[in-house]
Enquirer: 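Starting off with a structure, shown below.
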2 protein chains.
Amino acid sequence: MGSGRRAGTEDSKTRSLLLDATEKLMLEEGYAAVSSRRVAATAGVNAALVYYYFGSMDDLFIALFRRGAQRSLDRQAEALASDQPLWALWESTHSLTNTALTMEFIALANHRKAIQSEIVSYSQKFRSMQLDVMSVVLKGYGIDADSWPPVTVMLLMSAISRFLLMEEAFGIDAGHAETVALVEHHLQQLEGERRAGHR
Amino acid sequence: MGSGRRAGTEDSKTRSLLLDATEKLMLEEGYAAVSSRRVAATAGVNAALVYYYFGSMDDLFIALFRRGAQRSLDRQAEALASDQPLWALWESTHSLTNTALTMEFIALANHRKAIQSEIVSYSQKFRSMQLDVMSVVLKGYGIDADSWPPVTVMLLMSAISRFLLMEEAFGIDAGHAETVALVEHHLQQLEGERRAGHR
DNA sequence: GTCTATAGCTGGATAGAC
DNA sequence: GTCTATCCAGCTATAGAC
(Lines give C-alpha, C1' and ligand atoms only; values in the text may rest on other atoms or scores of the structure.)
Protein backbone atom coordinates (compact mmCIF):
# COMPACT_ATOMS: atom_id res chain seq x y z
CA MET A 1 0.00 0.00 0.00
CA GLY A 2 2.20 2.77 -1.25
CA SER A 3 5.08 1.72 0.93
CA GLY A 4 7.62 2.29 -1.81
CA ARG A 5 10.23 -0.35 -1.23
CA ARG A 6 9.65 -3.94 -2.09
CA ALA A 7 13.10 -5.41 -2.20
CA GLY A 8 16.73 -4.45 -2.30
CA THR A 9 18.41 -2.27 0.25
CA GLU A 10 17.51 1.38 0.65
CA ASP A 11 21.00 2.40 -0.38
CA SER A 12 21.37 0.03 -3.30
CA LYS A 13 23.24 1.51 -6.20
CA THR A 14 20.81 0.22 -8.80
CA ARG A 15 17.91 1.60 -6.85
CA SER A 16 19.47 5.06 -6.86
CA LEU A 17 20.22 4.80 -10.55
CA LEU A 18 16.56 4.05 -11.24
CA LEU A 19 15.43 7.01 -9.17
CA ASP A 20 17.91 9.28 -10.92
CA ALA A 21 16.73 8.07 -14.30
CA THR A 22 13.10 8.65 -13.38
CA GLU A 23 13.88 12.17 -12.24
CA LYS A 24 15.74 12.90 -15.42
CA LEU A 25 12.92 11.64 -17.64
CA MET A 26 10.29 13.59 -15.71
CA LEU A 27 12.25 16.79 -16.01
CA GLU A 28 13.16 16.41 -19.64
CA GLU A 29 10.08 14.83 -21.13
CA GLY A 30 7.34 14.91 -18.51
CA TYR A 31 5.93 12.15 -16.41
CA ALA A 32 4.16 10.56 -19.35
CA ALA A 33 7.57 9.58 -20.71
CA VAL A 34 8.25 7.53 -17.60
CA SER A 35 7.75 3.86 -18.34
CA SER A 36 9.57 0.93 -16.84
CA ARG A 37 11.34 0.31 -20.12
CA ARG A 38 12.52 3.88 -20.56
CA VAL A 39 13.58 4.29 -16.97
CA ALA A 40 15.60 1.10 -17.16
CA ALA A 41 17.17 2.05 -20.48
CA THR A 42 18.14 5.47 -19.11
CA ALA A 43 19.63 3.86 -16.04
CA GLY A 44 21.39 1.24 -18.14
CA VAL A 45 19.78 -1.74 -16.47
CA ASN A 46 17.04 -4.23 -17.19
CA ALA A 47 13.37 -3.21 -17.08
CA ALA A 48 12.33 -6.00 -14.74
CA LEU A 49 14.47 -4.43 -12.02
CA VAL A 50 12.01 -1.58 -11.69
CA TYR A 51 9.48 -4.08 -10.38
CA TYR A 52 12.04 -5.85 -8.29
CA TYR A 53 12.92 -2.64 -6.45
CA PHE A 54 9.66 -0.76 -6.43
CA GLY A 55 6.86 -3.21 -7.09
CA SER A 56 4.90 -0.89 -9.39
CA MET A 57 5.27 2.32 -11.33
CA ASP A 58 3.17 4.18 -8.77
CA ASP A 59 5.52 3.14 -6.02
CA LEU A 60 8.46 4.26 -8.10
CA PHE A 61 6.93 7.72 -8.38
CA ILE A 62 6.20 7.80 -4.69
CA ALA A 63 9.74 6.78 -3.79
CA LEU A 64 11.11 9.54 -6.00
CA PHE A 65 8.76 12.09 -4.48
CA ARG A 66 9.82 11.12 -0.98
CA ARG A 67 13.48 11.40 -1.78
CA GLY A 68 12.96 14.94 -3.11
CA ALA A 69 10.63 15.91 -0.29
CA GLN A 70 13.17 14.93 2.31
CA ARG A 71 15.82 16.99 0.57
CA SER A 72 13.49 19.99 0.42
CA LEU A 73 12.62 19.74 4.07
CA ASP A 74 16.30 19.64 4.96
CA ARG A 75 17.04 22.62 2.76
CA GLN A 76 14.16 24.55 4.23
CA ALA A 77 15.21 23.81 7.79
CA GLU A 78 18.60 25.19 6.94
CA ALA A 79 17.09 28.31 5.34
CA LEU A 80 14.85 28.98 8.29
CA ALA A 81 17.79 28.77 10.66
CA SER A 82 19.68 31.46 8.79
CA ASP A 83 20.11 34.94 10.24
CA GLN A 84 18.12 36.30 7.28
CA PRO A 85 15.34 33.72 7.19
CA LEU A 86 13.07 35.58 4.77
CA TRP A 87 15.81 36.11 2.24
CA ALA A 88 16.87 32.51 2.60
CA LEU A 89 13.31 31.27 2.22
CA TRP A 90 12.78 33.39 -0.87
CA GLU A 91 15.90 32.00 -2.43
CA SER A 92 15.18 28.41 -1.60
CA THR A 93 11.59 28.64 -2.87
CA HIS A 94 12.88 30.19 -6.02
CA SER A 95 14.93 27.16 -6.98
CA LEU A 96 14.16 26.20 -10.53
CA THR A 97 14.96 22.51 -10.74
CA ASN A 98 12.91 21.66 -7.74
CA THR A 99 9.81 23.47 -8.91
CA ALA A 100 9.82 21.85 -12.32
CA LEU A 101 9.75 18.45 -10.69
CA THR A 102 7.08 19.52 -8.22
CA MET A 103 4.87 20.61 -11.09
CA GLU A 104 5.15 17.24 -12.72
CA PHE A 105 4.11 15.60 -9.50
CA ILE A 106 1.15 17.92 -9.14
CA ALA A 107 0.04 16.99 -12.62
CA LEU A 108 0.53 13.32 -11.85
CA ALA A 109 -1.47 13.65 -8.66
CA ASN A 110 -4.52 14.78 -10.58
CA HIS A 111 -5.18 11.21 -11.52
CA ARG A 112 -3.20 9.10 -9.07
CA LYS A 113 -4.72 9.17 -5.64
CA ALA A 114 -1.78 7.56 -3.87
CA ILE A 115 0.48 10.36 -5.06
CA GLN A 116 -1.99 13.06 -4.17
CA SER A 117 -2.13 12.03 -0.53
CA GLU A 118 1.64 11.81 -0.46
CA ILE A 119 1.90 15.41 -1.66
CA VAL A 120 -0.69 16.66 0.78
CA SER A 121 0.99 15.16 3.80
CA TYR A 122 4.35 16.51 2.72
CA SER A 123 2.93 19.97 2.14
CA GLN A 124 1.49 20.05 5.60
CA LYS A 125 4.86 19.29 7.16
CA PHE A 126 6.50 21.86 4.93
CA ARG A 127 4.00 24.56 5.79
CA SER A 128 3.88 24.01 9.48
CA MET A 129 7.65 24.26 9.67
CA GLN A 130 7.52 27.52 7.72
CA LEU A 131 4.71 28.92 9.76
CA ASP A 132 6.36 28.36 13.11
CA VAL A 133 9.43 30.29 12.08
CA MET A 134 7.52 32.94 10.14
CA SER A 135 5.43 33.84 13.15
CA VAL A 136 8.41 34.38 15.38
CA VAL A 137 10.39 36.22 12.73
CA LEU A 138 7.66 38.66 11.74
CA LYS A 139 6.93 39.43 15.37
CA GLY A 140 10.63 40.13 15.85
CA TYR A 141 10.51 42.59 12.96
CA GLY A 142 7.58 44.35 14.58
CA ILE A 143 5.04 43.34 11.91
CA ASP A 144 1.43 43.59 13.02
CA ALA A 145 -0.10 40.11 12.74
CA ASP A 146 -3.54 41.52 11.99
CA SER A 147 -2.58 43.42 8.87
CA TRP A 148 0.02 40.84 7.78
CA PRO A 149 -0.79 37.40 9.15
CA PRO A 150 2.27 35.15 9.01
CA VAL A 151 0.37 32.53 7.06
CA THR A 152 -0.47 35.12 4.42
CA VAL A 153 3.09 36.31 4.04
CA MET A 154 4.09 32.69 3.62
CA LEU A 155 1.44 32.02 0.96
CA LEU A 156 2.28 35.20 -0.90
CA MET A 157 5.94 34.34 -1.13
CA SER A 158 5.17 30.81 -2.30
CA ALA A 159 2.52 31.89 -4.77
CA ILE A 160 4.65 34.56 -6.39
CA SER A 161 7.65 32.33 -6.57
CA ARG A 162 5.89 29.38 -8.09
CA PHE A 163 3.92 31.47 -10.53
CA LEU A 164 7.00 33.19 -11.88
CA LEU A 165 8.81 29.88 -12.24
CA MET A 166 5.89 28.32 -14.06
CA GLU A 167 5.83 31.15 -16.52
CA GLU A 168 9.55 31.04 -17.01
CA ALA A 169 9.28 27.37 -17.86
CA PHE A 170 7.23 28.54 -20.83
CA GLY A 171 9.63 31.31 -21.77
CA ILE A 172 7.30 34.03 -20.49
CA ASP A 173 8.90 36.67 -18.30
CA ALA A 174 7.08 39.92 -18.91
CA GLY A 175 6.82 41.92 -15.71
CA HIS A 176 8.90 39.43 -13.74
CA ALA A 177 11.75 41.79 -13.01
CA GLU A 178 9.40 44.42 -11.61
CA THR A 179 7.62 41.88 -9.46
CA VAL A 180 10.80 40.39 -8.08
CA ALA A 181 12.01 43.92 -7.36
CA LEU A 182 8.89 44.62 -5.34
CA VAL A 183 9.29 41.49 -3.24
CA GLU A 184 12.95 42.09 -2.68
CA HIS A 185 12.32 45.69 -1.74
CA HIS A 186 10.14 44.48 1.11
CA LEU A 187 12.65 41.85 2.15
CA GLN A 188 15.29 44.53 2.27
CA GLN A 189 13.21 46.73 4.48
CA LEU A 190 12.73 43.91 6.93
CA GLU A 191 16.08 42.16 6.90
CA GLY A 192 18.38 44.72 5.34
CA GLU A 193 20.69 44.10 2.43
CA ARG A 194 20.88 40.48 1.43
CA ARG A 195 24.13 38.89 2.43
CA ALA A 196 25.60 36.11 0.30
CA GLY A 197 25.78 32.39 0.84
CA HIS A 198 22.31 31.25 1.73
CA ARG A 199 22.82 28.26 -0.58
CA MET B 1 0.54 21.50 -38.58
CA GLY B 2 -1.49 22.30 -35.54
CA SER B 3 -4.33 23.72 -37.58
CA GLY B 4 -6.92 21.86 -35.61
CA ARG B 5 -9.60 21.10 -38.13
CA ARG B 6 -9.18 18.48 -40.77
CA ALA B 7 -12.73 17.82 -41.93
CA GLY B 8 -16.31 18.42 -40.96
CA THR B 9 -17.80 21.81 -40.32
CA GLU B 10 -16.72 23.98 -37.42
CA ASP B 11 -20.19 23.80 -35.94
CA SER B 12 -20.76 20.10 -36.47
CA LYS B 13 -22.66 18.49 -33.67
CA THR B 14 -20.39 15.46 -33.46
CA ARG B 15 -17.36 17.68 -33.36
CA SER B 16 -18.77 19.52 -30.35
CA LEU B 17 -19.65 16.26 -28.66
CA LEU B 18 -16.07 15.09 -29.03
CA LEU B 19 -14.72 18.33 -27.58
CA ASP B 20 -17.15 18.13 -24.65
CA ALA B 21 -16.15 14.54 -23.99
CA THR B 22 -12.47 15.45 -24.04
CA GLU B 23 -13.02 18.29 -21.59
CA LYS B 24 -14.97 16.03 -19.28
CA LEU B 25 -12.28 13.34 -19.29
CA MET B 26 -9.51 15.85 -18.68
CA LEU B 27 -11.32 17.35 -15.72
CA GLU B 28 -12.36 14.09 -14.15
CA GLU B 29 -9.41 11.84 -14.82
CA GLY B 30 -6.60 13.98 -16.15
CA TYR B 31 -5.23 14.27 -19.65
CA ALA B 32 -3.67 10.84 -19.51
CA ALA B 33 -7.16 9.36 -19.59
CA VAL B 34 -7.82 11.00 -22.94
CA SER B 35 -7.52 8.44 -25.72
CA SER B 36 -9.43 8.34 -28.98
CA ARG B 37 -11.32 5.29 -27.81
CA ARG B 38 -12.34 6.76 -24.48
CA VAL B 39 -13.27 10.14 -25.93
CA ALA B 40 -15.45 8.44 -28.53
CA ALA B 41 -17.09 6.19 -25.97
CA THR B 42 -17.84 9.16 -23.73
CA ALA B 43 -19.31 11.07 -26.66
CA GLY B 44 -21.24 8.01 -27.77
CA VAL B 45 -19.71 7.82 -31.24
CA ASN B 46 -17.11 5.78 -33.06
CA ALA B 47 -13.41 6.18 -32.34
CA ALA B 48 -12.43 6.71 -35.95
CA LEU B 49 -14.39 9.95 -35.95
CA VAL B 50 -11.79 11.56 -33.72
CA TYR B 51 -9.32 11.26 -36.58
CA TYR B 52 -11.88 12.30 -39.13
CA TYR B 53 -12.56 15.55 -37.30
CA PHE B 54 -9.21 16.37 -35.77
CA GLY B 55 -6.55 14.40 -37.60
CA SER B 56 -4.59 13.50 -34.46
CA MET B 57 -4.89 13.52 -30.71
CA ASP B 58 -2.62 16.54 -30.50
CA ASP B 59 -4.92 18.49 -32.75
CA LEU B 60 -7.88 17.45 -30.65
CA PHE B 61 -6.19 18.92 -27.57
CA ILE B 62 -5.35 22.09 -29.43
CA ALA B 63 -8.90 22.52 -30.68
CA LEU B 64 -10.20 22.14 -27.15
CA PHE B 65 -7.69 24.61 -25.81
CA ARG B 66 -8.68 27.17 -28.43
CA ARG B 67 -12.34 26.82 -27.67
CA GLY B 68 -11.71 27.49 -23.97
CA ALA B 69 -9.24 30.28 -24.68
CA GLN B 70 -11.74 32.15 -26.80
CA ARG B 71 -14.33 31.87 -24.06
CA SER B 72 -11.84 33.16 -21.49
CA LEU B 73 -10.88 36.10 -23.64
CA ASP B 74 -14.51 37.04 -24.07
CA ARG B 75 -15.18 36.74 -20.37
CA GLN B 76 -12.14 38.85 -19.57
CA ALA B 77 -13.11 41.55 -22.03
CA GLU B 78 -16.43 41.77 -20.30
CA ALA B 79 -14.82 41.94 -16.85
CA LEU B 80 -12.43 44.66 -17.90
CA ALA B 81 -15.28 46.74 -19.24
CA SER B 82 -17.07 46.67 -15.89
CA ASP B 83 -17.26 49.74 -13.67
CA GLN B 84 -15.28 47.81 -11.03
CA PRO B 85 -12.66 46.23 -13.26
CA LEU B 86 -10.37 45.01 -10.48
CA TRP B 87 -13.16 43.30 -8.61
CA ALA B 88 -14.43 41.79 -11.84
CA LEU B 89 -10.96 40.60 -12.79
CA TRP B 90 -10.40 39.06 -9.39
CA GLU B 91 -13.66 37.18 -9.66
CA SER B 92 -13.12 35.97 -13.17
CA THR B 93 -9.58 34.79 -12.42
CA HIS B 94 -10.89 32.98 -9.42
CA SER B 95 -13.15 30.69 -11.45
CA LEU B 96 -12.53 27.13 -10.43
CA THR B 97 -13.54 25.05 -13.44
CA ASN B 98 -11.45 27.03 -15.80
CA THR B 99 -8.31 26.79 -13.73
CA ALA B 100 -8.51 23.03 -13.36
CA LEU B 101 -8.56 22.65 -17.12
CA THR B 102 -5.76 25.17 -17.55
CA MET B 103 -3.60 23.15 -15.20
CA GLU B 104 -4.11 20.03 -17.22
CA PHE B 105 -3.03 21.89 -20.33
CA ILE B 106 0.04 23.24 -18.61
CA ALA B 107 0.99 19.73 -17.63
CA LEU B 108 0.35 18.52 -21.15
CA ALA B 109 2.44 21.31 -22.58
CA ASN B 110 5.49 20.13 -20.70
CA HIS B 111 5.97 17.46 -23.29
CA ARG B 112 3.94 18.53 -26.30
CA LYS B 113 5.57 21.40 -28.10
CA ALA B 114 2.60 22.24 -30.30
CA ILE B 115 0.46 22.78 -27.24
CA GLN B 116 3.09 24.79 -25.45
CA SER B 117 3.29 27.36 -28.23
CA GLU B 118 -0.47 27.52 -28.35
CA ILE B 119 -0.57 28.37 -24.64
CA VAL B 120 2.15 30.95 -24.93
CA SER B 121 0.48 32.86 -27.72
CA TYR B 122 -2.83 32.82 -25.93
CA SER B 123 -1.24 34.05 -22.71
CA GLN B 124 0.30 36.95 -24.50
CA LYS B 125 -3.05 38.07 -25.85
CA PHE B 126 -4.62 37.60 -22.45
CA ARG B 127 -1.94 39.61 -20.69
CA SER B 128 -1.72 42.45 -23.09
CA MET B 129 -5.47 42.97 -22.87
CA GLN B 130 -5.22 43.00 -19.08
CA LEU B 131 -2.26 45.30 -19.02
CA ASP B 132 -3.83 47.96 -21.21
CA VAL B 133 -6.81 48.27 -18.94
CA MET B 134 -4.83 47.89 -15.72
CA SER B 135 -2.57 50.80 -16.60
CA VAL B 136 -5.45 53.15 -17.21
CA VAL B 137 -7.41 51.97 -14.20
CA LEU B 138 -4.57 52.25 -11.69
CA LYS B 139 -3.68 55.68 -12.96
CA GLY B 140 -7.30 56.69 -12.50
CA TYR B 141 -7.12 55.47 -8.89
CA GLY B 142 -4.04 57.62 -8.35
CA ILE B 143 -1.66 54.67 -7.89
CA ASP B 144 1.99 55.53 -8.37
CA ALA B 145 3.31 53.38 -11.22
CA ASP B 146 6.81 53.27 -9.74
CA SER B 147 5.84 51.65 -6.46
CA TRP B 148 3.04 49.56 -8.00
CA PRO B 149 3.72 48.87 -11.68
CA PRO B 150 0.50 47.76 -13.41
CA VAL B 151 2.19 44.62 -14.69
CA THR B 152 3.10 43.67 -11.13
CA VAL B 153 -0.41 44.19 -9.80
CA MET B 154 -1.63 41.99 -12.63
CA LEU B 155 0.87 39.24 -11.89
CA LEU B 156 0.16 39.36 -8.18
CA MET B 157 -3.54 38.93 -8.67
CA SER B 158 -3.03 36.04 -11.09
CA ALA B 159 -0.41 34.35 -8.97
CA ILE B 160 -2.43 34.48 -5.77
CA SER B 161 -5.57 33.35 -7.47
CA ARG B 162 -4.04 30.41 -9.25
CA PHE B 163 -2.02 29.29 -6.26
CA LEU B 164 -5.04 29.22 -3.98
CA LEU B 165 -7.07 27.31 -6.56
CA MET B 166 -4.29 24.77 -7.03
CA GLU B 167 -4.13 24.14 -3.33
CA GLU B 168 -7.87 23.89 -3.03
CA ALA B 169 -7.84 21.23 -5.73
CA PHE B 170 -5.81 19.20 -3.24
CA GLY B 171 -8.06 19.99 -0.32
CA ILE B 172 -5.54 22.36 1.26
CA ASP B 173 -6.91 25.69 2.41
CA ALA B 174 -4.92 26.76 5.44
CA GLY B 175 -4.47 30.51 5.45
CA HIS B 176 -6.61 31.02 2.37
CA ALA B 177 -9.29 33.04 4.08
CA GLU B 178 -6.73 35.47 5.51
CA THR B 179 -5.05 35.87 2.16
CA VAL B 180 -8.27 36.46 0.28
CA ALA B 181 -9.24 38.99 2.93
CA LEU B 182 -6.01 40.87 2.37
CA VAL B 183 -6.52 41.06 -1.38
CA GLU B 184 -10.12 42.07 -1.04
CA HIS B 185 -9.24 44.71 1.50
CA HIS B 186 -7.05 46.37 -1.09
CA LEU B 187 -9.68 46.04 -3.79
CA GLN B 188 -12.14 47.69 -1.48
CA GLN B 189 -9.86 50.60 -0.83
CA LEU B 190 -9.47 51.17 -4.54
CA GLU B 191 -12.91 50.43 -5.90
CA GLY B 192 -15.12 50.60 -2.85
CA GLU B 193 -17.54 47.94 -1.74
CA ARG B 194 -18.00 45.18 -4.30
CA ARG B 195 -21.30 45.42 -6.07
CA ALA B 196 -23.00 42.25 -7.23
CA GLY B 197 -23.36 40.76 -10.68
CA HIS B 198 -19.92 40.72 -12.24
CA ARG B 199 -20.70 37.25 -13.58
C1' DG C 1 20.27 -9.36 -8.17
C1' DT C 2 19.89 -9.50 -12.90
C1' DC C 3 18.38 -11.28 -16.94
C1' DT C 4 14.97 -13.31 -20.97
C1' DA C 5 10.55 -14.27 -22.39
C1' DT C 6 6.02 -13.58 -22.58
C1' DA C 7 1.00 -12.79 -21.37
C1' DG C 8 -2.45 -9.46 -21.78
C1' DC C 9 -3.85 -4.99 -22.58
C1' DT C 10 -4.43 -0.30 -24.53
C1' DG C 11 -3.07 2.98 -27.47
C1' DG C 12 -2.62 5.94 -32.33
C1' DA C 13 -3.65 5.71 -36.74
C1' DT C 14 -5.36 4.09 -41.37
C1' DA C 15 -8.09 1.46 -45.13
C1' DG C 16 -12.10 0.74 -46.90
C1' DA C 17 -17.20 -0.72 -46.70
C1' DC C 18 -21.57 1.51 -46.31
C1' DG D 1 -20.19 11.06 -42.03
C1' DT D 2 -20.03 6.94 -39.71
C1' DC D 3 -18.79 2.48 -39.14
C1' DT D 4 -15.76 -2.26 -38.83
C1' DA D 5 -11.51 -4.27 -39.08
C1' DT D 6 -6.86 -4.18 -38.58
C1' DC D 7 -1.71 -3.13 -38.08
C1' DC D 8 1.78 -2.12 -35.15
C1' DA D 9 3.82 -0.01 -31.20
C1' DG D 10 4.33 0.43 -26.39
C1' DC D 11 2.98 -0.45 -21.84
C1' DT D 12 2.60 -3.07 -16.86
C1' DA D 13 3.55 -6.96 -14.67
C1' DT D 14 4.92 -11.74 -13.78
C1' DA D 15 7.39 -16.37 -14.24
C1' DG D 16 11.33 -18.42 -14.12
C1' DA D 17 16.37 -19.31 -15.67
C1' DC D 18 20.86 -18.04 -14.21
Side-chain angles (χ1 to χ4, degrees), chain A residues 1-22 24-26 28-64 104 107-108 111-115, chain B residues 1-22 24-26 28-64 104 107-108 111-115:
Chain A
M1 269 287 89
S3 94
R5 196 166 56 88
R6 275 276 186 97
T9 52
E10 188 75 38
D11 59 344
S12 146
K13 172 152 189 181
T14 301
R15 193 183 133 92
S16 292
L17 281 175
L18 289 170
L19 290 174
D20 293 343
T22 306
K24 188 178 181 206
L25 279 171
M26 281 183 86
E28 291 174 2
E29 304 185 48
Y31 74 82
V34 176
S35 67
S36 54
R37 285 166 161 82
R38 292 210 56 192
V39 166
T42 304
V45 301
N46 188 276
L49 288 179
V50 170
Y51 300 96
Y52 173 75
Y53 281 102
F54 301 97
S56 74
M57 292 305 292
D58 257 49
D59 287 331
L60 167 63
F61 281 121
I62 289 174
L64 178 61
E104 285 296 321
L108 238 184
H111 47 284
R112 304 233 198 175
K113 288 169 271 168
I115 291 169
Chain B
M1 269 287 85
S3 92
R5 197 164 58 87
R6 274 275 184 100
T9 53
E10 188 76 37
D11 58 345
S12 145
K13 171 151 189 183
T14 301
R15 196 183 131 92
S16 291
L17 281 175
L18 289 170
L19 290 174
D20 293 343
T22 307
K24 187 178 181 205
L25 280 172
M26 282 182 84
E28 291 176 2
E29 304 185 49
Y31 75 82
V34 175
S35 67
S36 52
R37 287 165 163 84
R38 290 208 59 190
V39 166
T42 304
V45 301
N46 188 276
L49 289 180
V50 171
Y51 300 96
Y52 173 74
Y53 280 103
F54 302 97
S56 75
M57 292 305 292
D58 257 49
D59 287 332
L60 167 63
F61 281 121
I62 290 174
L64 178 61
E104 285 297 321
L108 239 184
H111 48 284
R112 305 232 197 175
K113 288 168 271 168
I115 291 169

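Each chain gets a letter, A, B and so on, in the order its sequence line appears, and its residues count up from 1.
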Enquirer: Whole angstrom is fine here: how far is it from NZ in A/Lys13 over to P in C/dG1?
Expert: 14 Å

Enquirer: For B/Ala63 and B/Arg15, which heavy atoms make the closest approach, and how far apart are they?
Expert: CB-NH2, 4.3 Å

Enquirer: With under 30° as parallel and over 60° as perpendicular, where do the rings of A/Tyr31 and B/Tyr31 fit, or are they tilted in between?
Expert: tilted

Enquirer: Can you name the closest pair of heavy atoms from B/Leu64 and B/Thr22 and give their distance?
Expert: CD2-CG2, 3.8 Å

Enquirer: Classify every nucleotide of nucleotides 4-12 of chain C by which part a protein heavy atom approaches to under 4.0 Å, writing B for the base, S for the sugar-phosphate alone and - for neither, in 5'-to-3' order.
Expert: B------BB

Enquirer: If I take atom CZ in residue B/Arg15 and atom C1' in nucleotide D/dT2, what distance separates them, rounded to the nearest angstrom?
Expert: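 Rounded to whole Å, this separation is 17 Å.
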
Enquirer: Is the shortest side-chain N/O distance from B/Tyr52 to OP1 or OP2 of D/dC3 below 4.0 Å?
Expert: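 For D/dC3, OP1/OP2 do not have a side-chain N/O of B/Tyr52 under 4.0 Å.
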
Enquirer: Going by heavy atoms in the side chains, are A/Leu17 and A/Thr42 under 4.5 Å from each other?
Expert: no

Enquirer: Rounded to whole angstrom units, what separation is found between the CZ atom of A/Phe54 and the P atom of C/dG1?
Expert: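 Computing the A/Phe54:CZ to C/dG1:P distance gives 12 Å.
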
Enquirer: Base, sugar-phosphate or nothing for B/Thr14? Non-hydrogen atoms, less than 4.0 Å.
Expert: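 Touches sugar-phosphate only.
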
Enquirer: Rounded to the nearest angstrom, tell me the gap between atom CG in A/Leu49 and atom C1' in C/dT2.
Expert: 5 Å

Enquirer: Less than 4.5 Å apart, side chain to side chain, heavy atoms only: is that true for A/Tyr52 and A/Thr14?
Expert: no

Enquirer: I need the minimum non-hydrogen distance between B/Tyr53 and B/Ser12, along with the two atoms involved.
Expert: OH-OG, 3.2 Å

